[in-house]
Amino acid sequence: MANIGRLSTKDAVLFLCDMQEKFRPNIFQFTNIVSNAARLLQASRVLNIPSILTEQYPKGLGPTVPELGAEGLTAHPKSSFTMIIEEVEKELQALGNPKQAILCGIEAHACIACTTFDLLEKGIEVHIVADAVSSRSQTDRLFALSRLKQSGAYLTTTEAVLLQLVQGAKHPNFKEIQKLMTHPSPDTGLLAFFSAL
């Protein structure tokens, strides 16, 4: 059967990339990006989906922002753009090498792009949550999303991920996930992207 990109709670891992204090004033739509990523993290906890968190040079760029709600997760420090560093590779192996990655964070054209390429090369299906990913410039963000789609990543949204993971109201955790969608996702400036598709 063709690979259609259907998400599964059994095969997925959530990647949370470099949402740190020093980026706050410079990243396009930072507050909304982190808000959407936080909802994904809440959902992953409800649905027992493992999460992997990285920080880019935390000594200089500061810790993960508190509103992400990532307390309890180990933050893997890195200096490379990709999240796929040795410690993360070990964590993926310990998780039984998940087949799907749900990817959010910053920056789209740097760390998100390099992580996507590495995951795709490993044969892992990548779902980039477009309204939970950004860059300093909207131009870099939109071109990165277009480029990563060309490479074989799936582009999706926060709510689409939440709904795909439960598949319907009969899921035992549906009510908890539904509460995370009480308010619609904020507009993060993606509509311009579709005029270019």
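Just so it is clear, the structure is predicted and the values come from calculations on it, not from any experiment.
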Under a single-linkage definition using a 4.5 Å side-chain heavy-atom cutoff for Ile, Leu, Val, Met, Phe, Trp and Tyr, are [X] and [Y] assigned to the same hydrophobic cluster?
X    : Y    : result
M181 : I49  : yes
V129 : V65  : yes
V126 : L92  : yes
L190 : L148 : yes
L163 : L155 : no

I would like to know whether N32 and D131 meet side chain to side chain contact (heavy atoms under 4.5 Å, CB included); could you show each step before the answer?
-> CA-CA 8 Å; N32 289 334; D131 61 353; over 6 Å; no

Are any side-chain N or O atoms of [X] and backbone N or O atoms of [Y], one a donor and one an acceptor, separated by less than 3.5 Å?
X    : Y    : answer
T116 : I112 : yes
K22  : G60  : yes
S134 : F30  : no
Q20  : G62  : yes
Q42  : L180 : no
Q100 : S8   : yes

So which heavy atom on [X] is nearest to which on [Y], and how close?
X    : Y    : result
A37  : A132 : N-CB, 4.1 Å
C111 : C17  : CB-SG, 3.5 Å
S151 : L120 : O-CD1, 3.5 Å
V13  : P50  : CG2-O, 3.3 Å
P66  : R24  : CD-NH2, 4.3 Å
L142 : G189 : CD2-O, 4.5 Å

Modelled atom types, side-chain donor and acceptor of T158 and S185, under 3.5 Å = no

Using distance alone, with no hydrogens and no angle criterion, decide if R39 and S35 have a side-chain donor and acceptor under 3.5 Å apart.
-> no

Between [X] and [Y], is any pair of side-chain heavy atoms under 4.5 Å apart?
X    : Y    : answer
R6   : Q164 : no
V166 : L47  : yes
L165 : I102 : yes
L40  : L162 : yes
R141 : I33  : yes
T115 : I84  : yes
D140 : E107 : no
L145 : I128 : yes

Which is it for I85 and S79 under the side chain to side chain contact (heavy atoms under 4.5 Å, CB included) test, yes or no, and what are the steps along the way?
-> CA-CA 9 Å; I85 56 174; S79 56; over 6 Å; no

Would you mind telling me which of L53, V34, T54, L73 makes a side-chain contact (heavy atoms from CB on, under 4.5 Å) with T64?
-> L53

Using 0.5 Å steps for rounding, measure from the [atom1] atom of [X] to the [atom2] atom of [Y].
X    : Y    : atom1 : atom2 : result
S137 : F143 : OG    : CZ    : 10.0 Å
T139 : F28  : OG1   : CZ    : 9.5 Å
Q178 : H171 : CD    : NE2   : 13.5 Å
K78  : M83  : NZ    : CE    : 7.0 Å
I124 : F15  : CD1   : CZ    : 6.0 Å
L16  : S51  : CG    : OG    : 5.5 Å

R136 atom CZ, over 12 foreign heavy atoms within 6.0 Å = no

Evaluate whether atom CD of E86 has more than 12 neighbouring non-hydrogen atoms of other residues, nucleotides or ligands under 6.0 angstrom away.
-> no

Would you mind listing every ring pair (Phe, Tyr, Trp, His ring centres under 6.0 Å) that reaches into residues 52-91, with sequence neighbours excluded?
-> none

Kindly state each residue pair satisfying ring pair (Phe, Tyr, Trp, His ring centres under 6.0 Å) with at least one member in residues 87-128, sequence neighbours excluded.
-> H127-Y154

Would you please name every residue forming a salt bridge (Lys or Arg N to Asp or Glu O under 4.0 Å) with [X], sequence neighbours left out?
X    : result
K122 : E89
E87  : none
E121 : none

Which pairs count as salt bridge (Lys or Arg N to Asp or Glu O under 4.0 Å) when at least one residue sits in residues 157-179, sequence neighbours excluded?
-> none

Go through the steps for V161 and L7 under the test side chain to side chain contact (heavy atoms under 4.5 Å, CB included), then give the verdict.
-> CA-CA 8 Å; V161 169; L7 281 167; 4.0 Å; yes

